[in-house]
Amino acid sequence: MLFQSHEDSPEPTPAVPQAEPEVAAKPSGPELTDAERSTILFTGYDLDARINPATARLAMRARVTLKNTGAVALSRIALQISSTLQWESATLLSATGSKRLELSQHLLDTDVDHTGKANEAVIALPEPLAPGQTVQLDTFYDGTIVASAGRLERLGATQAQAAGTDWDAIGGDSTALRGFGDVLWYPVASRQLFLGDGAQLFDAIGTLKLREAAATIRLRLSVEYKGDAPVAAYFCGRRQALKAISDDDSVPIASGTGVATAEFAAEALGFRVPSLFLVALPETLIAPLPVFYGTADAAAKPVEKSDSAVGVSSSNVPVSGDSTEGPAQSMVAVETSDEGSVKALEASAVEVAPLLQEWLGAKPLSALTVLDHSGQPFEDGPLLVGPVAVLGTANAQEGLVHSMTHAWVQTGQPWMDEGLAQFLALLWTEQEKGREVAIAQLDDLIQPLSIAEPEIDPAGAKEQSVPAGELVGQVVGQPLIAATSELYYRRKAAAVWWMLRGIVGDEALQAALQACRMRAPGDETAEQSALAFEKLLERSGKKNAANPIDLHWFFNDWVLHDRGLPDLSITDVTPRELPAGKGHNVGYLVSVTVKNDGAAAVQVPVTIRSATFSTTSQLRVGGFASATARVIVEAPPSEVLVNDGGTPEVRTAFHKVTVETAKPQ
């Protein structure tokens, strides 16, 4: 959640009563299993949608390509849509022609839809679908989609709470459809999932995003309207202007009717669920980009995007000029009727921009688009649907930094895009409130990791054939490059960026990020992308250009694999007095030994304090290993600290030992 309010929300207007479609009883024969439902993978969506906001009606033709990812052939396929929609037909498409298939449908209890139910079609195949094989179906369905509090009221939520969370609907004032986990406006294949059963629904959403990231998706959209036609549509974060065709040009606009159309070309879905928003008012470009000369790419222009790219720069909304002598472009495009809140949002965006410019480069890749909506905020890259009145407040600036980071960074890798957004939000907290507050906020973010991360038994975790100190490549938990939970790809990733900052320094990390973000997403795998950034970071910054640092150990344990969390302890502190010699006074050699009972290697700060000084050095401790730091100081040490909270651990991220007065040897 980007923003939170503890005030009482006004009671919403009661939702329009919705009639459930007439569906048959559950089909006879063997019960459908979760395995049958979840082994189907969508590899292609070709959608034709017709929407009538006045009646909340959706008519959809969905041609989908499905793959059997299981180990057993399937003689039937189960697909689900929202319970307020009705299946009409399913046809098998093949090189030899088309064949109408037998279809039965029934209501299924599940919280993947806001009604708490889905309309499940059970489609019999003429021939079993073998493991690894694909099939293409042409389906039709229609019905209405209005706001529903069904699943949340089942858990005891008030109508006001439900309205603020489950706001998906087709309507005259707003059409907003977020997809799987909110409303099933397109077909899915999923096992039954429930909000009251831990985090299984949210984990399933992340898993689906990762599984279907390579799927292609296309949409042809028609919107029936009366009066003013809608301006644009946002589909999967992409914007297209709607072309209005009036039924009768001689009729006054206020009473005229017509159809507005748009087409979104096929492209990879990416790490998201399909979403659709209609824009009633033209977006307004605000927040001119401040002039900034402090980065290497200060004169670089934003990456040119195709019409299918994410953000306003890919749309028909104009972006102001690229002159390097003045503001380069507007940073925000906002759609709202609340003109009074726009100035505050603009001021906040201009205030936080210098931090983004310092770390990520002088110019964003696109504007951040904000669609004004009073419900719980929703993000899809540089598209933010949320309350403009809240976004412009001082308390929301941290969340605004998070959202604006998506305008600067669009790598297509969740651990980078989402992790960096959270990392920049922490940097804003550090800048505004100090490092201690930022560290405390980081600790709150990653605290659940100590529960979620599984322990690794040191017995068997190493083997002779593996280089010394290298762990077997077993996958536990969620490696960042394959993470499906925001606990990992956002929270743990933010901690990883914070740790990298401590290892390589601000200058090197800034240089690497500014170089990396200008690379357009390609066909490389998540692992290849991570390794490419590792090499870039090892050589980034003036200090490392000629003498690259080694980051393989870090990326291996924290990005490419999930080794759990380190578990550090100070096992020995030994100060020894050094006699005075020629050219120097009496000194002290302090040896600090740190043990790591966790599997992840880590580099942490070791600070030695006395009554008059404090010195800090870095110590790397391998998984299931110990390491010793030896530091020469000029006065008797009184205290040793290991880790300052910037590195997550199983128990505590702060270790302190009081040192007894060193005695002469």
Side-chain angles (χ1 to χ4, degrees), residues 12-19 47-62 82 84-86 88 140-147 167-178 183 185-186 218-265 274-286 307 312 314-318 333-342 369-375 383 385 388:
T13 303
V16 178
Q18 53 190 49
L47 308 176
D48 280 277
R50 189 176 184 95
I51 292 175
N52 187 328
T55 60
R57 195 159 194 85
L58 168 69
M60 178 74 82
R61 178 184 185 183
S82 180
T84 57
L85 300 173
Q86 175 83 23
E88 299 295 342
F140 286 85
Y141 57 87
D142 63 2
T144 59
I145 298 180
V146 298
W167 40 260
D168 304 87
I170 296 173
D173 296 330
S174 172
T175 291
L177 306 171
R178 286 175 289 183
V183 58
W185 65 279
Y186 56 90
R218 178 175 184 264
L219 173 68
R220 286 180 292 270
L221 176 66
S222 300
V223 182
E224 300 178 39
Y225 69 88
K226 180 177 181 179
D228 291 327
V231 172
Y234 282 85
F235 173 62
C236 295
R238 295 182 279 158
R239 181 190 189 275
Q240 287 289 349
L242 284 164
K243 181 180 180 181
I245 303 173
S246 175
D247 291 334
D248 187 348
D249 291 335
S250 64
V251 176
I253 292 178
S255 57
T257 60
V259 176
T261 63
E263 183 169 345
F264 294 83
S275 61
L276 177 64
F277 301 91
L278 298 185
V279 176
L281 302 172
E283 302 95 320
T284 301
L285 288 164
I286 63 171
D307 287 343
V312 175
S314 66
S315 70
N316 295 321
V317 175
V334 58
E335 185 258 357
T336 183
S337 58
D338 183 7
E339 296 182 3
S341 298
V342 172
T369 300
V370 181
L371 306 182
D372 195 7
H373 195 287
S374 60
L383 171 66
V385 182
V388 171

Does a side-chain heavy-atom distance below 4.5 Å link [X] with [Y]?
{"X": "Leu281", "Y": "Ser337", "value": "yes"}
{"X": "Thr257", "Y": "Tyr225", "value": "no"}
{"X": "Tyr234", "Y": "Phe264", "value": "no"}
{"X": "Ile145", "Y": "Asp168", "value": "no"}
{"X": "Glu283", "Y": "Val334", "value": "no"}
{"X": "Val385", "Y": "Phe277", "value": "yes"}
{"X": "Val146", "Y": "Thr84", "value": "no"}
{"X": "Ile51", "Y": "Ser222", "value": "no"}

For the residue pair [X] and [Y], what are the closest heavy atoms and their distance?
{"X": "Ala229", "Y": "Ala244", "answer": "CB-CB, 3.7 Å"}
{"X": "Pro274", "Y": "Phe235", "answer": "CB-CE1, 4.4 Å"}
{"X": "Ser275", "Y": "Gly237", "answer": "OG-N, 4.5 Å"}
{"X": "Ala241", "Y": "Ala262", "answer": "O-CB, 3.8 Å"}

Quiz item: Run the side-chain contact (heavy atoms from CB on, under 4.5 Å) check on Leu85 and Asp142 step by step: do they pass?
Solution: CA-CA 5 Å; Leu85 300 173; Asp142 63 2; 5.9 Å; no
Practice problem: Examine distances only and state if a side-chain atom of Asp372 and a backbone atom of Val388 form a donor-acceptor pair shorter than 3.5 Å. | Solution: yes
Quiz item: Between the side chain of Arg238 and the main-chain N/O of Ala265, is any donor-acceptor distance below 3.5 Å?
Solution: yes
To the nearest 0.5 Å, how far apart are [atom1] in [X] and [atom2] in [Y]?
{"X": "Thr144", "Y": "Leu58", "atom1": "OG1", "atom2": "CG", "result": "9.5 Å"}
{"X": "Glu335", "Y": "His373", "atom1": "CD", "atom2": "NE2", "result": "10.5 Å"}
{"X": "Met60", "Y": "Phe140", "atom1": "CE", "atom2": "CZ", "result": "11.5 Å"}

Quiz item: Trp185 ring centre to Arg178 NZ or CZ under 6.0 Å, with the angle to the axis within 45°?
Solution: no
Quiz item: For residues 245-264, which residue pairs qualify under salt bridge (charged side-chain N to carboxylate O under 4.0 Å, His left out), counting only residues two or more places apart or in two chains?
Solution: Arg218-Glu263
Self-check item: From CA spacing to verdict: side-chain contact (heavy atoms from CB on, under 4.5 Å), Val342, Thr336
Solution: CA-CA 8 Å; Val342 172; Thr336 183; 3.6 Å; yes
Quiz prompt | side-chain hydrogen bond (donor to acceptor under 3.5 Å, both in side chains) contacts touching residues 50-60 (sequence neighbours left out) | solution = Arg50-Glu224, Asn52-Glu224
Self-check item: Among Val231, Leu221, Leu371, the one residue meeting side-chain contact (heavy atoms from CB on, under 4.5 Å) with Leu278
Solution: Leu221
